[in-house]
Enquirer: 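Okay, here's the structure, questions in a sec.
Numbered from 1 within each chain, the chains take letters A, B, ... in sequence-line order.
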Number of protein chains: 2
Amino acid sequence: MKSEGKSTINDVARIAGVSKKTVSRVINRSPLLNGETRAKVEAVIEELGYVPNPQARALALRRNFLIGLIHDNPNAQMVLGVQTGILEAIRGTEFALVVHPVDRGSPTMLDDIRSFLDRQRLYGVMLLPPISENDALAQVCREAGARYVRMGSARLDDDIHMVASNDREAVAAATRHLIEQGHSRIGLVAGPHGFRSAAERRAGFEQAMTEAGLKVPRSLVADGTYRFESGIAAGDRLLDVTPRPSAIVCSNDEMAAGVMHAARQRGLTIPDDLSIVGFDDTAIASHIWPPLTTVRWPIIPMARAAAAKLLAGAVEGEDDAEEPSMFLSTLIRRGSVAAVKG
Amino acid sequence: MKSEGKSTINDVARIAGVSKKTVSRVINRSPLLNGETRAKVEAVIEELGYVPNPQARALALRRNFLIGLIHDNPNAQMVLGVQTGILEAIRGTEFALVVHPVDRGSPTMLDDIRSFLDRQRLYGVMLLPPISENDALAQVCREAGARYVRMGSARLDDDIHMVASNDREAVAAATRHLIEQGHSRIGLVAGPHGFRSAAERRAGFEQAMTEAGLKVPRSLVADGTYRFESGIAAGDRLLDVTPRPSAIVCSNDEMAAGVMHAARQRGLTIPDDLSIVGFDDTAIASHIWPPLTTVRWPIIPMARAAAAKLLAGAVEGEDDAEEPSMFLSTLIRRGSVAAVKG
DNA sequence: TTGTAAGCGTTATCAA
DNA sequence: TTGATAACGCTTACAA
């Protein structure tokens with residue numbers, strides 16, 4: 001709070017009448033320090049409003065106090081939720097969050113990430129799906145000496161490197177919900193090939209159907225891209241089938257909104273003529289009409305846990321608390337599901 | 001590409017047979033350098049795959065190559081759009097983006113930001129609305145010696161510190177569009193007090209109405225918070241007025257979605273019974289039914305321009321191109337507006 | 001328990 | 001046009 005915020009460790013040392021190393025020890029909470037000395041130094045630090053220079057520390061420690069977030073823009077809400085979670089975890093620490101979106105379509109993606117890692121010498125990085133599913137990427141992180149934690153829809157790595165949601169079980173539960181409402185002709189709008197989340201969600205759907213003794217004809221499964229437009233197209237396809245499905249499970253909310261459009265354009269009423277469930281519980285789910293029954297996965301807590309894993313040991317207090325590696329999703333019942341007619 | 005990515009300026013200097021200062025000159029593109037020497041050094045750099053250590057540079061230069069994004073979570077789409085724009089501007093440079101959300105409700109917000117600035121010694125920061133409207137915050141940036149650029153819905157600062165959209169004119173245009181469709185009883189769902197964007201949008205609405213010789217009774221203006229729920233409440237209030245408005249201008253899409261819910265719950269059909277326009281053109285606008293007529297403001301180009309302003313001079317090539325400070329929004333006509341019923 | 005000296009990898013100063 | 005040498009602010013040996 002005093003004068004210019006430019007006092008250094010030398011100023012503190014001089015005024016406190018100790019060596020810089022002693023000040024350094026105070027900063028780094030070295031255990032072997034005379035309580036009196038510590039108090040004296042702390043008083044000076046307080047008076048001067050001294051803040052250690054992170055650049056100098058980074059240089060001396062050969063490590064930055066930066067957490068990287070590497071993603072390929074899955075969707076805005078998810079990216080922002082993750083950022084929120086990470087920031088909750090690093091609040092009050094000296095860590096900062098740097099975001100680094102990449103393009104998974106680019107052939108140089110891995111090289112780009114590698115050079116980003118080499119250059120910034122980050123403390124660690126968080127990897128979001130779908131690129132978090134890329135084992136080569138994890139390998140690049142290891143080679144670059146960067147700690148990493150992956151987020152995803154299934155266990156892909158050791159507990160210390162992974163925080164996962166159980167998408168399979170969540171979709172199975174959503175499907176069972178539909179079955180309990182009397183539905184038996186249920187369609188699926190699947191996610192894109194190559195996405196683990198898409199595979200998990202589809203597996204959950206099929207599992208619940210099979211367990212209920214229900215068939216899933218190939219005609220009732222439509223592939224989508226996780227995008228709205230693909231939801232419209234998939235909805236059109238599914239609703240052309242005779243007899244029409246009475247319910248559709250969508251692998252995310254955006255596609256569910258697309259299916260709603262397709263249904264509406266044919267004059268169908270939701271949920272009376274068609275029940276729909278989504279996945280993600282993004283803003284669209286509650287803002288659309290009727291409000292969408294969907295699966296909420298705890299993205300912010302997951303991201304917070306992931307960041308805490310990354311920081312484990314670096315931040316006092318958190319050291320002991322083992323962070324969970326698996327998070328359960330919950331079914332949010334809203335207005336897009338009704339009991340089957342007749 | 002060789003060995004470990006740990007070669008330093010000393011390695012380069014030794015192998016090239018020059019001093020480290022010379023290498024430094026090559027890195028920093030010093031003009032006074034023998035072309036031959038430069039080529040020799042560059043060859044070694046290439047061969048070693050040498051990358052300057054940003055921490056060391058930051059220490060020596062007393063400045064980080066980090067751009068900060070300070071915001072108070074206006075909405076996910078906007079924050080992510082801004083991040084995208086900034087990243088486009090810094091792509092290929094050595095800059096990185098660090099995000100720093102704050103809580104404008106907190107009494108220590110300014111202090112928090114100040115200490116973030118002091119600590120990280122950022123190259124510069126971008127300020128998003130609504131906190132970008134806070135002059136005290138700009139002052140804090142200046143005191144901390146951080147360059148800054150503000151984004152907002154009106155000119156609040158010099159051109160070099162500001163990138164603005166013309167919300168007033170955009171809403172006036174949207175309102176005129178309604179008037180041209182024959183609407184005269186038009187309601188407004190305003191944004192929260194204290195937000196410049198809310199004031200601008202309201203002013204645009206009133207201006208268009210006045211110019212058309214239309215009255216705006218106090219009963220047809222409802223305050224909202226920019227949130228979905230407040231849109232429902234405002235919709236309820238406005239639709240209770242007799243005679244009912246035939247159209248409603250909403251200060252953002254989220255509230256427009258809320259108004260739609262309110263209308264639907266009364267059995268009104270959009271756009272036949274009620275026309276609605278929004279603002280922002282977020283995902284919800286195109287995903288909702290009917291698709292929402294709204295105002296799209298060019299957030300990514302704005303953010304890119306703002307970041308380019310911040311970097312002006314630091315990045316080669318961009319130096320000359322003057323970045324624009326004012327961006328125009330466009331009306332996106334979709335399905336939520338119809339001519340007034342005869 | 002504390003201090004001294006030597007880095008960490010870069011840039012700035014000022015000669016040569 | 002180049003190069004010693006001293007910063008930059010901190011940490012890590014290693015002594016004391």
Enquirer: Would you kindly give the NZ-to-C1' distance between K40(A) and dT1(C), to the nearest whole Å?
Expert: 12 Å

Enquirer: Run the side-chain contact (heavy atoms from CB on, under 4.5 Å) check on M162(A) and V149(A) step by step: do they pass?
Expert: CA-CA 5 Å; M162(A) 185 82 217; V149(A) 173; 5.9 Å; no

Enquirer: Using the side chain to side chain donor-acceptor pair (under 3.5 Å) rule, collect all pairs that involve residues 131-140 of chain A, keeping only residues at least two apart or in two chains.
Expert: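 Every side chain to side chain donor-acceptor pair (under 3.5 Å) pair that includes a residue of residues 131-140 of chain A, provided the two are not neighbours, is D135(A)-R150(A), Q139(A)-R142(A), Q139(A)-E143(A).
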
Enquirer: Spell out protein contact along nucleotides 9-16 of chain C as letters: B when the base is contacted, S when just the sugar-phosphate is, - when no protein heavy atom is under 4.0 Å; keep the 5' to 3' order.
Expert: BBBBB---

Enquirer: Taking atom P of dG9(D) as reference, at what distance in whole Å does atom CZ of R63(B) sit?
Expert: 15 Å

Enquirer: Restricting to side-chain contact (heavy atoms from CB on, under 4.5 Å), what partner residues turn up for V44(B), sequence neighbours left out?
Expert: V12(B), I15(B), A16(B), L48(B)

Enquirer: Please check the phosphate of dT2(D) (OP1 and OP2 only) for any side-chain N or O of T22(B) closer than 4.0 Å.
Expert: no

Enquirer: Salt bridge or not between E323(A) and R304(A)? Use side-chain N to carboxylate O under 4.0 Å.
Expert: no

Enquirer: Report yes if at least one side-chain N or O of S19(B) is closer than 4.0 Å to OP1 or OP2 of dT2(D); otherwise report no.
Expert: no

Enquirer: Salt-bridge test for R14(A) and D11(A): reply yes if a basic N is under 4.0 Å from a carboxylate O, no otherwise.
Expert: yes

Enquirer: Roughly, in whole Å, what's the span from CZ in R14(B) to P in dG3(D)?
Expert: 15 Å

Enquirer: Using side chain to side chain donor-acceptor pair (under 3.5 Å) as the criterion, list what pairs up with N10(A), not counting sequence neighbours.
Expert: none

Enquirer: At 10 degrees resolution, what angle do the end axes of the helix from dT1(C)-dA16(D) to dA16(C)-dT1(D) form when each is taken over five base pairs?
Expert: 30°

Enquirer: Pairs under 3.5 angstrom only: tabulate donor-acceptor contacts from the side chains of residues 74-84 of chain B to other protein residues two or more places apart or in another chain.
Expert:
{"residue": "N75(B)", "atom": "OD1", "partner": "Q77(B)", "partner atom": "N", "Å": "3.0"}
{"residue": "N75(B)", "atom": "OD1", "partner": "M78(B)", "partner atom": "N", "Å": "2.8"}
{"residue": "Q83(B)", "atom": "OE1", "partner": "Q83(A)", "partner atom": "NE2", "Å": "2.9"}
{"residue": "Q83(B)", "atom": "NE2", "partner": "Q83(A)", "partner atom": "OE1", "Å": "2.9"}
{"residue": "T84(B)", "atom": "OG1", "partner": "L80(B)", "partner atom": "O", "Å": "2.8"}

Enquirer: Is the shortest side-chain heavy-atom distance between P54(B) and F65(B) below 4.5 Å?
Expert: no

